[in-house]
Number of protein chains: 2
Amino acid sequence: MTVDLRAVAEASGVSISTVSRALSGSPRVSPTTRQRVEKIAASLGYRPNVVARGLRTRQSNLIGLVIPNLVSFTFVQLFSDLQRGFREHGYEIVLSVTNSDPEQELASFQTLRGHQVDGVVVIGSYEVSTEYLRTTGLPAVHLFRPPERPAGDCITIDDVESTRSSIRLLAEKGHRRIAFINGRDPETMDGYRVALAEAGIPFDDELVHVGGYNTDTGIAGVDKVLALDDPPTAVYFGCYETWLSGIPRLQELGRTVGDDVSIVCRDDAPMLRWWRPSITVTDVEVGRIAGLAISRLLDAISVRTAGGRTESGRYQVSAKLIERDSVVELSAS
Amino acid sequence: MTVDLRAVAEASGVSISTVSRALSGSPRVSPTTRQRVEKIAASLGYRPNVVARGLRTRQSNLIGLVIPNLVSFTFVQLFSDLQRGFREHGYEIVLSVTNSDPEQELASFQTLRGHQVDGVVVIGSYEVSTEYLRTTGLPAVHLFRPPERPAGDCITIDDVESTRSSIRLLAEKGHRRIAFINGRDPETMDGYRVALAEAGIPFDDELVHVGGYNTDTGIAGVDKVLALDDPPTAVYFGCYETWLSGIPRLQELGRTVGDDVSIVCRDDAPMLRWWRPSITVTDVEVGRIAGLAISRLLDAISVRTAGGRTESGRYQVSAKLIERDSVVELSAS
DNA sequence: TTGAAAGCGGTACCAA
DNA sequence: TTGGTACCGCTTTCAA
């Protein structure tokens, strides 16, 4: 039924070893033999059993991707880019979604390791599970949110700068009452403060709403700032969850995006591109992150194969501002 | 470094075979030995090497999931449900996205088979690649769009009925000019026709726009029907791609969803739930599909393990109407 | 109830 | 350049 090395060997009249060498591009095979073997292997439809090979070579050509969810469009893009990139190097991805649950994350690592994945790309990473990665020595790369004691290289976003550029844009368009709605993240908050300071706008606690990374935060934030006597003319949403609920909430409360209130969001999605007015966002260049993640992980894997152990480095990628139509110039009143 | 059976055996003072039996719940081990071995294995942090086991037992405990994209929210949910379900049975998912490209699909199957996946769940399936599945005998289940000559059980949606119920809802609310925008799919079209007939509404070709499964179709469709002398009071969008672009287009052309034009969409997404007014949809019960897919595939796998071969059956799942706020009663004029 | 040994499909060393 | 053979970690007869 299944065509293995032995079948090819018999059909070509050489030994299994020779077939193995011929097919894996070893120089220790005569060109003639190689050609013949390759031909026969192809005609028989031979496909190497990656599992058997892996048992011997101690590598599975499998990479684990461990992420909190697949709802955020950035993660979807990331998966797509990582899959394409890793395939070029002969790796397939085993995807594991953790729902931001530490236990599920740890379980993912254990299962993945049981399947002998050669390395993992992780977004999230709680302390327990990171500890597991460290002790097992499984090559790893952390994306977006680095744990305190990382198990491998960390690739992060320049959150300060991405927020700062968004707020600066709003300030340049004449906005001075700029609301800030986000999950709890000090760096993003810093970016907001810095940009305000640069624009000479006083910080006003009333315009800020910080909660969890969920839709409730978006609703509560919008409700809070719109109830103000001196409501904002612009709103900055720091993450997917907040804008997903926050923008509709603005509408529901009778505000028209653009005309009544300018908006900048972080984390792009197809919807934001399509909506009218289309929404201005800052978004991460997922392709760059993916590329970096791939090269760092492959590096870590080869270092480990060689028996080495590296210090974990840090790489920061900046987000770029994509100007669309949700920010309008505020006429001097 | 890595704890294998031998390590556990040495630590427990029994043979490898005994440890294997003890740990895999074989009855041919004394309770005493079993307990001791289990304890030692746990203390050593033993984790079976799934790869080695797979080589021996000819099963990888890996399932391939082959889908066109991860953009459609239905697919994301599906992955999530399948992952949860398969894990309960000890399987992990290797995800492969094809971008609706026949070549990528075929390549996915080949790669997946190289990794010895025990079976595949497929959405899409072109003829060439399905042929590959059939000839290799890889257990498979087709979801949503069955190929002409399937390689395994097919689980489909009752497209006629889902569309029919949507149109019926609109008709009941007094709409008689109901536009239909969708990709090319005869069954959905049938549902539209049937529902119109049932409501005594004449079919009007001008209200229909059928194109590819892409955002262009949404735009073109909306443009076409709004340009009519007697424009529709309601629009039915048959798929994600059309509503994603179509709803914003309606807005752009000055129509307010609900007030000016009622809407029903197929394929739910978080956005539709959040938007104001929230959008009425028909959506598939992904959980049921996933459950069915899992049981059918597991069945096919065990049949194949037993050396058998089954006829491929068909299962149809109905979509349900989720009424929200985008459909308004049309006052008799 | 236990252990020895064969073998799953490859790779890689060693000898020829 | 080729073939023989041990071995990767585990399961599974077969004997004891």
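Fair warning: this is a prediction, and the values are worked out from it, not measured in the lab. What's counted below: heavy atoms across the whole structure, side chains too, no hydrogens, waters or symmetry copies. In what follows, every chain begins at residue 1, and chains take the letters A, B, ... in the order their sequences are listed.
In this entry the distance linking CZ of B:R56 with P of D:dC8 reads 16 Å, nearest Å. B:R58 places its CZ atom 10 Å from the P atom of C:dG10, with the value rounded to the nearest Å. Nucleotide D:dG9 holds its P atom 19 Å from the CG atom of B:N61, rounded to whole Å. Distance CG (B:L55) to P (C:dC8): 9 Å, rounded to an integer number of Å. What separates CG of A:N49 from P of C:dG9 is a distance of 7 Å, to the nearest Å. With rounding to whole Å, B:R53 atom CZ is found 10 Å from D:dG9 atom C1'. Taking atom CD on B:Q116 and atom C1' on C:dG10, their separation rounds to 11 Å, with Å as the unit. Rounded to an integer number of Å, the gap from CD1 of A:I16 to P of C:dG9 is 10 Å.
For the pair B:T18 and B:R21, the minimum side-chain heavy-atom distance is below 4.5 Å. Residues B:L70 and A:F75 are not in side-chain contact: their nearest non-hydrogen atoms beyond the backbone lie 4.5 Å or more apart.
Counting only N and O atoms by type, the side chains of B:R87 and A:S96 include a donor and acceptor under 3.5 Å apart.
Within the helix from C:dT1-D:dA16 to C:dA16-D:dT1, the inter-axis angle between the opening and closing five-pair segments is 50°, rounded to 10°.
Between the CD1 atom of A:I301 and the CD1 atom of A:I63 there is a distance of 4.0 Å, given to the nearest 0.5 Å. Atom CD of residue A:E285 and atom CD1 of residue A:I289 lie 8.5 Å apart, to the nearest 0.5 angstrom.
Regarding contacts with the backbone of C:dT1, every side-chain N or O of B:T33 stays at 4.0 angstrom or more from both OP1 and OP2. The phosphate of C:dT2 (OP1 or OP2) has a side-chain N or O of B:S30 nearer than 4.0 angstrom.
Put simply, the side chain of B:T74 never gets that close to the backbone of B:D267: no donor and acceptor are under 3.5 Å apart. A:S26 places a side-chain N or O within donor-acceptor distance of the main-chain N or O of A:R28, the cut-off being under 3.5 Å.
Counting all heavy atoms, side chain and backbone alike, A:I294 lies closest to A:D81 at CD1-O, 4.3 Å.
Residue A:V50 is out of contact with every strand shown, counting any heavy-atom pair closer than 4.0 Å. At the heavy-atom level, B:V14 lies under 4.0 Å from the strands shown only through sugar-phosphate atoms.
Along DNA chain C, the nucleotide nearest A:V51 and the nucleotide nearest B:V29 are compared for position; the residue whose nucleotide lies closer to the 5' end is B:V29.
Proximity of residues 17-28 of chain B to DNA chain D (heavy atom under 4.0 angstrom from any strand atom) is restricted to B:S17, B:S20, B:R21.
Applying the ring-ring contact (aromatic ring centres under 6.0 Å, His included) criterion to A:Y240, with sequence neighbours excluded, gives A:W243.
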